[in-house]
Protein chains: 2
Amino acid sequence: MTLNSVESKVRFLESLADKTRLRIVEALREREKTVSQLVQELGASQSNISGHLRLLKISGIIKSRQEGKYVYYSLSSSVIAEFLTKLEDLLIAMKREALESA
Amino acid sequence: MTLNSVESKVRFLESLADKTRLRIVEALREREKTVSQLVQELGASQSNISGHLRLLKISGIIKSRQEGKYVYYSLSSSVIAEFLTKLEDLLIAMKREALESA
DNA sequence: TGAACATATCATTATATAATGAAGTGAAGA
DNA sequence: TCTTCACTTCATTATATAATGATATGTTCA
C-alpha cells in the first residue's frame with residue numbers, strides 16, 4: 001500500500017466522518033436538493049451548511065448546478081450511495097458479531 | 001435515517017480517517033502483529049501507536065491477545081478487510097468517472 | 001531479586017477544524 | 001432600479017485530537 005493511496009483514502013473518509021456532512025450526504029441520497037432545503041431539513045445555519053457543501057464538493061463526493069437563484073446539490077456518483085449501503089451492512093455485521101461473541 | 005445511526009457511522013469513519021490508524025489497519029490486514037512490529041513498520045513512536053491501537057480497539061475495529069510480554073493485534077472481523085477493499089474500489093471508480101467527465 | 005524488555009498511561013503542547021455572525025455576491029421580480 | 005432572496009465567503013472563537021516525552025505496569029529470564 002503506497003502512502004499516496006493511504007492519504008487519498010483518509011481524505012475521503014474525513015469528508016464523511018462528520019455528523020453534519022454525513023447527514024447532508026444521506027439527505028442527497030434521496031434526491032438533489034437546494035442549500036435552503038438542506039438548511040431546513042438539517043436545522044443548521046446556512047453558512048455552516050454552505051461550508052460543509054464546499055468541502056464535500058472539493059472532495060468530489062457531491063456536485064452542484066445552478067438554476068436561477070437556487071443551487072442544487074446531488075451526489076457526484078452512484079458509487080457514493082453504494083458505499084454508504086456497504087457501511088450500513090458493515091455496522092450491522094459488526095454489531096451481530098459482537099453480540100455472538102458475548 | 002436515525003440520528004443514532006448517523007452517529008455510529010461517524011464514529012466508525014473517524015476511527016479510520018487518520019493516516020496512522022489507517023496504516024495500522026492496512027498492516028493488520030496481512031496478519032496479526034505486535035505493538036513493536038507496528039512501531040517499527042510505521043516508524044512512529046511507541047506511545048503514539050499504542051494510543052491509536054487503544055482507539056481502534058474501543059471502536060471495535062481491532063482486537064488483541066497477550067502472549068507473554070507481547071500483545072498481538074489483529075482485525076476484529078473479516079468485514080473490516082472487505083470494507084477496505086470496497087473503499088479502494090470506490091476511489092478507483094471516482095477517479096475514473098472524474099477523468100471521463102473531463 | 002533485579003535487569004531488560006514490551007506495552008500502556010498521563011500531562012502537555014500543537015494543530016486542525018467546526019460553529020458562529022457579519023458582510024459580500026449575484027439572480028429575480030416588483 | 002431597488003428590494004428581496006439564495007448562497008458564499010471571511011474573521012473569530014471554541015473544541016477536539018494527534019504527537020511528544022516521561023513515567024508506570026507487567027512479563028521474562030538470568
Side-chain angles (χ1 to χ4, degrees), chain A residues 3 6-28 31-76, chain B residues 3 6-28 31-76:
Chain A
L3 273 187
V6 169
E7 275 157 18
S8 66
K9 286 180 198 172
V10 167
R11 265 193 300 276
F12 177 82
L13 292 169
E14 276 172 345
S15 303
L16 294 180
D18 173 272
K19 189 173 166 180
T20 304
R21 284 196 294 277
L22 191 57
R23 289 178 69 206
I24 288 173
V25 173
E26 298 278 15
L28 296 182
R31 78 193 80 88
E32 68 170 3
K33 289 177 182 173
T34 67
V35 179
S36 36
Q37 283 176 327
L38 290 168
V39 166
Q40 176 159 32
E41 183 170 341
L42 302 197
S45 78
Q46 201 265 319
S47 73
N48 184 15
I49 296 290
S50 180
H52 286 302
L53 287 169
R54 180 181 138 84
L55 195 153
L56 286 168
K57 188 171 180 186
I58 287 171
S59 69
I61 292 171
I62 63 175
K63 62 185 175 186
S64 64
R65 68 181 181 87
Q66 183 153 12
E67 190 176 313
K69 57 183 178 175
Y70 294 96
V71 178
Y72 287 87
Y73 282 92
S74 58
L75 298 189
S76 66
Chain B
L3 272 187
V6 168
E7 275 157 19
S8 67
K9 286 180 197 170
V10 167
R11 266 193 299 275
F12 178 81
L13 293 169
E14 277 173 345
S15 303
L16 294 179
D18 173 273
K19 190 173 166 180
T20 303
R21 284 196 293 275
L22 190 57
R23 289 178 70 207
I24 288 173
V25 173
E26 299 277 17
L28 296 182
R31 78 192 80 87
E32 67 170 3
K33 289 178 183 173
T34 67
V35 179
S36 39
Q37 284 176 328
L38 290 167
V39 166
Q40 176 159 31
E41 182 170 343
L42 303 196
S45 77
Q46 195 266 317
S47 71
N48 185 14
I49 297 290
S50 180
H52 285 302
L53 288 170
R54 180 181 138 83
L55 194 153
L56 285 169
K57 189 171 178 186
I58 287 171
S59 69
I61 291 171
I62 63 176
K63 62 187 174 185
S64 64
R65 67 182 180 86
Q66 182 154 11
E67 190 175 312
K69 58 182 178 178
Y70 295 96
V71 177
Y72 287 87
Y73 282 92
S74 58
L75 297 189
S76 66

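A note on names: the letters A, B, ... follow the listed sequences, proteins ahead of strands, and every chain is numbered from 1.
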Just to confirm, is there a sub-4.0 Å distance from OP1 or OP2 of D/dT8 to any side-chain nitrogen or oxygen of A/Tyr73? yes
Report yes if at least one side-chain N or O of B/His52 is closer than 4.0 Å to OP1 or OP2 of D/dA19; otherwise report no. yes
Nearest-Å distance for atom pair CZ/P, residues B/Arg54 and D/dA18: 12 Å
Taking CZ from B/Arg11 and P from D/dA16, how many angstroms apart are they, rounded to a whole number? 15 Å
Send over the distance from A/Asp18 CG to C/dT17 C1', rounded to a whole Å. 9 Å
When A/Glu14 and A/Gln66 are each assigned the nearest nucleotide of DNA chain C, the 5'-most assignment goes to A/Glu14
Looking at B/Arg21, does any N or O in its side chain come under 4.0 Å of the phosphate oxygens OP1/OP2 on D/dA18? yes
Is A/Ser36 close enough to D/dC7 that one of its side-chain N or O atoms is under 4.0 Å from OP1 or OP2 there? yes
Here the distance between atom P of D/dT28 and atom NZ of B/Lys69, to the nearest Å, is 9 Å
Minimum-distance nucleotide (side-chain atoms of A/Leu55 versus C/dT9, C/dA18, D/dC7): C/dA18
Looking only at the side chain of B/Gln46 (C-beta and beyond, no hydrogens), which of the listed nucleotides D/dT8, C/dT7, D/dA19 gets closest? C/dT7
Test item: A/Leu38 and A/Leu53 side chains (from C-beta on) under 4.5 Å apart, heavy atoms: yes
OP1 or OP2 of D/dA19 less than 4.0 angstrom from a side-chain nitrogen or oxygen of B/Asn48, does that happen here? yes
What integer distance in Å separates B/Arg65:CZ from C/dT7:C1'? 15 Å
Atom-to-atom span, CG of B/Leu38 to P of C/dA6 - whole angstrom: 14 Å
Considering only heavy side-chain atoms of A/Ser47, the closest of C/dA22, D/dA18, D/dT20 is C/dA22
